[in-house]
Amino acid sequence: MLILGGTAEARALASELVETGRAVVSSLAGRVAEPALPAGQVRIGGFGGADGLTRFLVDNRIIALVDATHPFAARMSANAVAAAAGARVPLARLARPGWAARPDAAGWTWVDSHRAAARLVGAEPGTPLLTTGRQTLDQYLALADRRVIVRVVEPPAEPLPQSWIVVRNRGPYHLAAERELFAAHRIRILVTKDSGGSFTAAKLDAAADLGVRVVVVRRPPVEPTVTSFTDVAGVRAWLDA
Ligand code: NAP
């Protein structure tokens, strides 16, 4: 079985499968220095597009593919759909639920893209905190002359506008520290993706406590034909079947 990973859910699935004696390979993109490694066999780096992944599935006699990548890793997920069809390997998607069910979500502003989020922030006064990931920052350059706080795990690859302040932190994130960050930088707008889960949710609690406006970028659409699960137990039952 091949798990496309890079998420806590992917690691949890790998651990459970290894414990039950399954032969599992997890794949990581290789973006993060010193990544948390899943149990079982691990490979790191791109496959070379959908064709490369198709070859990997065939050459390694993979019998099931689980796309447990982050909800915003849209290219990898599209490649998984194409490769699974090409190699005739069953595919399941594992993605944690988004944050829309939170009680405070009704007060957030939801947008379809980072550029739309940037436009919205551009029309508002006050310092924004961008927590959308370093790969998205080029889509916020309309805010180049504004004071912007950018929180990232890894340092941005390209130089950023001089008025932007980079805060590096790979979590775990806690409410008290998030409140301090918001206060220290006088944050008035939080921009986030709808990542879901609890690992990065403390910023949403801090925003609710402090009355900070929240702008949320919706998830990219999921391929409707793919069997999808929101928890590890669902995928395990699918694999057993
Ligand atoms: P992406 O834009 O969808 O993928 C770009 C390319 O990176 C893919 O075409 C593939 O290269 C390679 N790739 C992505 N995930 C891979 C994996 N698990 N194993 C091997 N190659 C992979 O992906 P992304 O948004 O940059 O995310 C990269 C990784 O970080 C994923 O594993 C994802 O789960 C994790 N992650 C992403 C986010 C996020 O916000 N996007 C947040 C947390 C974790 P080839 O075409 O050469 O195969």
Side-chain angles (χ1 to χ4, degrees), residues 6-9 67-78 80-81 93-144 146-153 156 160 164 167 169 171-175 178-179 181-183 185-226 228-231 234:
T7 58
E9 295 73 36
D67 172 15
T69 56
H70 191 271
F72 281 81
R75 184 140 37 112
M76 189 71 251
S77 291
V81 171
R93 176 80 172 113
L94 169 60
R96 67 188 90 136
W99 284 319
R102 282 176 56 108
D104 48 348
W108 302 341
T109 306
W110 292 77
V111 293
D112 284 330
S113 68
H114 293 288
R115 284 191 202 285
R119 273 197 300 278
L120 218 132
V121 172
E124 294 268 323
T127 302
L129 170 64
L130 304 184
T131 61
T132 48
R134 65 178 171 149
Q135 293 183 90
T136 67
L137 295 177
D138 60 332
Q139 297 177 69
Y140 289 88
L141 288 176
L143 305 171
R146 285 272 294 274
R147 181 172 176 272
V148 172
I149 314 301
V150 175
R151 182 167 67 196
V152 284
V153 177
L160 296 177
W164 290 19
V167 178
N169 192 340
Y173 305 101
H174 299 296
L175 178 57
E178 296 294 55
R179 287 180 61 121
L181 175 77
F182 280 49
H185 294 283
R186 301 187 308 281
I187 302 298
R188 295 310 309 148
I189 311 169
L190 167 68
V191 186
T192 177
K193 299 183 288 202
D194 182 20
S195 297
S198 58
F199 188 73
T200 59
K203 62 189 172 187
L204 300 168
D205 298 330
D209 285 358
L210 300 171
V212 165
R213 180 169 184 185
V214 179
V215 177
V216 184
V217 180
R218 283 192 188 90
R219 292 180 172 192
V222 177
E223 170 58 48
T225 57
V226 175
S228 294
F229 300 96
T230 54
D231 59 16

Salt bridge check, E178 against R151: does any charged N sit closer than 4.0 Å to a carboxylate O? yes

Measuring only between side-chain heavy atoms, which start at C-beta, is V111 closer than 4.5 Å to V216? no

Is there a side-chain contact between T192 and V214, using heavy atoms and a 4.5 Å cut-off? yes

Do you know the tightest heavy-atom contact between V152 and G133? CG1-C, 4.5 Å

Any residue meeting side chain to side chain donor-acceptor pair (under 3.5 Å) with R219, in chain and number order, not counting sequence neighbours: none

Does the side chain of R213 come under 3.5 Å of the side chain of T109 through a donor N or O and an acceptor N or O? yes

Establish, from distance only, whether the side-chain atoms of T127 and R186 form a donor-acceptor pair under 3.5 Å. no

V226 versus V81: any side-chain heavy-atom pair under 4.5 Å? yes

Looking only at heavy atoms, the pair that brings I187 and I189 closest together is CG2-O, 3.5 Å

To the nearest 0.5 Å, what is the distance between CG on L160 and CZ on R134? 11.5 Å

Using a 6.0 Å cut-off, check whether atom CZ of R75 has over 12 heavy atoms from anything other than its own residue. no

Testing L210, L204, V215 one by one against L190 for a side chain to side chain contact (heavy atoms under 4.5 Å, CB included), which residue passes? L204

Whether H114 and Y140 hold their rings parallel, tilted or perpendicular, with breakpoints at 30° and 60°: perpendicular

Quick check: do V217 and S113 have side-chain heavy atoms less than 4.5 Å from each other? no

Quick check: do R96 and S195 have side-chain heavy atoms less than 4.5 Å from each other? yes

State plainly whether the residues R102 and D205 are in salt-bridge range, i.e. N to O under 4.0 Å. yes

Does R93 offer a backbone N or O that forms a donor-acceptor pair with the side chain of D67 under 3.5 Å? no

Test item: I149 and V167 side chains (from C-beta on) under 4.5 Å apart, heavy atoms: yes

What's the verdict on salt bridge (Lys or Arg N to Asp or Glu O under 4.0 Å) for D194 and R218, showing C-alpha distance, side-chain angles and the deciding distance? CA-CA 6 Å; D194 182 20; R218 283 192 188 90; over 6 Å; no

So V121 and R146, do their side chains get closer than 4.5 Å, heavy atoms only? yes

Going by heavy atoms in the side chains, are R179 and K203 under 4.5 Å from each other? no

Looking at CH2 of W164 and CG of L141, how far apart are the two atoms once the value is rounded to the nearest 0.5 Å? 5.0 Å

Would you say the side-chain atoms of R188 pair up with the backbone N or O of L129, donor to acceptor, closer than 3.5 Å? no

